[in-house]
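These values consider heavy atoms only, across backbone and side chains, with no hydrogens, waters or symmetry-generated copies.
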Amino acid sequence: MTFPADLLTLLLRTSKLAALTGAGVSQESGLRTFRDAQSGLWAQYRPEDLASPEAFARDPKLVWDWYAWRREAVKAVRPNPGHYALVEIEKRVPHFTLITQNVDGLHRMAGSRNVLELHGNIQRVRCSECYAFAETWGDDGESVPRCEICGGLLRPDVVWFGEALPREQLEAAVEAARTCDVFFSIGTSGVVQPAASLAYAARNRGAVVVEVNLEPTPLTPKADFFLQGKSGEILPALVKAVWG
Ligand code: OAD
């Protein structure tokens, strides 16, 4: 795999890099991307119709079961070479911020340290009423488990459509985007705000924008470099080409 020489030189010199990842980064670990068709029991539902406060209010059991299914899928997978390449980049670039929309926790499992999880983490469960986190919960298969403290329904600690992102994480992500020299957008369709706007915030402040994706996205015409292909192949090759 060959890369433009000016990109390699730039990366070697950069001291501030930020990267935004999406579901495409975990695709090679065996997780379906958000907008891929669902399988089996869940094929009849659109993820957009399950990941919302309205869906939970309408049918909490359906939403709980969908997340329980996804939680099990996440438990069964491991990070892939794309995740590990981002760990290597963090070791080599003095200031590196990894911003992810993924709720699967695979970046941390791979060893990334400075990770901002904009959409939460599917392994964390909290009360939908009092916000208390639950470490354990009984699931009788019949009803949604309840909070031991206030009796409210438990829910995954992820951000649903229409909900606000965790404020500190979002502020840190915006700051990283606005102050970096190079911004990577990796494996994300770039259609969900506010994450999608981070690449533009970086670009407006003069950062070089590099996109890694299987296919073009709305960001592609604005990117300085578009590296088309699988992140699990491109990122390790890029790390090798820049840092040897
Ligand atoms: P999407 O499913 O929208 O997009 C996945 C992107 O990854 C697509 O652009 C694919 O072309 C690309 N892709 C797939 N496999 C790839 C691979 N091996 N290497 C590189 N790219 C690959 O997922 P996201 O952009 O993450 O939010 O979706 C953003 C948010 O939308 C999700 O976090 C979720 C959803 O709303 C919430 O649940 C709040």
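At a threshold of 4.5 Å between non-hydrogen side-chain atoms, the residues C127 and E148 do not count as touching. With contacts defined as side-chain heavy-atom distances shorter than 4.5 Å, the pair Q27/R32 does not qualify. Contact of the V182 side chain with the L11 side chain is registered, since non-hydrogen atoms from C-beta on lie closer than 4.5 Å. Residues L116 and E168 fail the side-chain proximity criterion, which asks for heavy atoms closer than 4.5 Å. Under the 4.5 Å side-chain criterion, counting only non-hydrogen atoms from C-beta, W64 is not in contact with L153. Residues L98 and N114 form no side-chain contact, since every pair of their non-hydrogen atoms from C-beta on lies 4.5 Å or further apart. Side chains of H95 and L17 form no contact here, defined as non-hydrogen atoms less than 4.5 Å apart. Counting only heavy atoms from C-beta outward, the side chains of D6 and F225 approach each other to under 4.5 Å.
Under the 4.5 Å side-chain heavy-atom criterion for ILVMFWY residues, no single connected hydrophobic cluster contains both F184 and V174. Hydrophobic cluster membership differs between Y131 and L165, with clusters built from Ile, Leu, Val, Met, Phe, Trp and Tyr side chains linked at under 4.5 angstrom. Under the 4.5 Å side-chain heavy-atom criterion for grouping Ile, Leu, Val, Met, Phe, Trp and Tyr, I234 is not connected to F226 through any hydrophobic cluster. One hydrophobic cluster, built from ILVMFWY side chains closer than 4.5 Å, cannot hold both V192 and L170; they sit in different ones. Following chains of ILVMFWY side-chain contacts shorter than 4.5 Å, one can reach V125 starting from V74, so the two form part of one hydrophobic cluster.
Distance check: E129 CD to R155 CZ gives 11.0 Å after rounding to the nearest 0.5 Å. A distance of 7.0 Å separates CG in N80 from OG in S26, rounded to the nearest 0.5 Å. The CZ atom of F183 sits 13.0 Å away from the OG1 atom of T14 when rounded to the nearest 0.5 Å. Atom-to-atom distance recorded for S29:OG and M109:CE is 9.0 Å, nearest 0.5 angstrom. Rounded to the nearest 0.5 Å, atoms CD1 (I99) and SG (C180) are 7.5 Å apart. For the atom pair L235 CG and Y84 OH, the distance stands at 14.5 Å (nearest 0.5 Å).
Counting heavy atoms of neighbouring residues, nucleotides and ligands inside a 6.0 Å radius, atom CZ of R92 exceeds 12 of them. Atom NZ of K61 has more than 12 heavy atoms from other residues, nucleotides or ligands within 6.0 Å. When the shell of 6.0 Å around CD of E135 is examined, it contains 12 or fewer heavy atoms from other residues, nucleotides or ligands.
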Residues K230, L214; criterion side-chain contact (heavy atoms from CB on, under 4.5 Å); working and verdict: CA-CA 6 Å; K230 295 183 172 183; L214 276 185; 3.8 Å; yes

Criterion side-chain contact (heavy atoms from CB on, under 4.5 Å) on D224 and V210, from CA distance to verdict: CA-CA 6 Å; D224 297 281; V210 183; 6.0 Å; no

Steps toward side-chain contact (heavy atoms from CB on, under 4.5 Å) verdict (T179, R205): CA-CA 7 Å; T179 56; R205 289 294 183 105; 5.9 Å; no

L118/T100 under side-chain contact (heavy atoms from CB on, under 4.5 Å): CA gap, chis, key distance, verdict: CA-CA 6 Å; L118 288 188; T100 189; over 6 Å; no

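Scanning all heavy atoms of the two residues, the minimum distance from L154 to W137 falls at CD1-CB, 3.6 Å. Contact detail for P79 and H83: the closest heavy-atom pair is CA-ND1, 3.5 Å. Nearest heavy-atom pair across Y67 and L50 is CE1-O, 4.4 Å. Residues L198 and A177 come closest through the heavy atom pair O-CB, 3.7 Å. Considering all non-hydrogen atoms of both residues, T220 and T217 come closest at OG1-N, 2.7 Å. Looking at every heavy atom in both residues, A241 comes nearest to L8 through CB-CD2, 3.9 Å.
Using modelled atom types, one finds a donor on one side chain and an acceptor on the other under 3.5 Å when comparing T188 with Q101.
Looking only at distances, a side-chain donor or acceptor of R203 sits under 3.5 Å from a matching main-chain atom of K222. In this structure, the side chain of D49 does not engage the main chain of Y45 through any donor-acceptor pair within 3.5 Å. Formation of a donor-acceptor pair under 3.5 Å by the E211 side chain with backbone atoms of I186 is not found in this model. One N or O on the side chain of R108 and one on the backbone of V115 form a donor-acceptor pair closer than 3.5 Å. Here the side chain of E28 pairs a donor or acceptor atom with the backbone of G232 at under 3.5 angstrom. A donor-acceptor pair is defined here as one N or O able to donate and one able to accept, closer than 3.5 Å; such a pair exists between the side chain of N213 and the backbone of E215.
Between L7 and the options V242, L12, L227, a side-chain contact (heavy atoms from CB on, under 4.5 Å) holds for only L227. Put simply, the residue from R124, Q123, E117 that forms a side chain to side chain donor-acceptor pair (under 3.5 Å) with N121 is E117.
Figure legend: cation-pi geometry between R70 and W66, with NZ or CZ positioned under 6.0 Å from the six-membered ring centre and within 45° of its axis. The cationic atom of R126 (NZ for Lys, CZ for Arg) does not lie both less than 6.0 Å from the six-membered ring centre of F133 and within 45° of the ring axis.
Contacts of F96 classified as ring pair (Phe, Tyr, Trp, His ring centres under 6.0 Å), with partners at least two apart in sequence or in another chain: none.
Salt bridge D181/K16: absent, no basic N to carboxylate O contact under 4.0 Å. A salt bridge between E54 and R58 is absent, with no side-chain N of the basic residue lying under 4.0 Å from a carboxylate O of the acidic one. Salt-bridge annotation for R178 and E175: absent, with no side-chain N of the basic residue lying under 4.0 Å from a carboxylate O of the acidic one.
The aromatic ring centroids of W160 and F56 lie less than 6.0 Å from each other.
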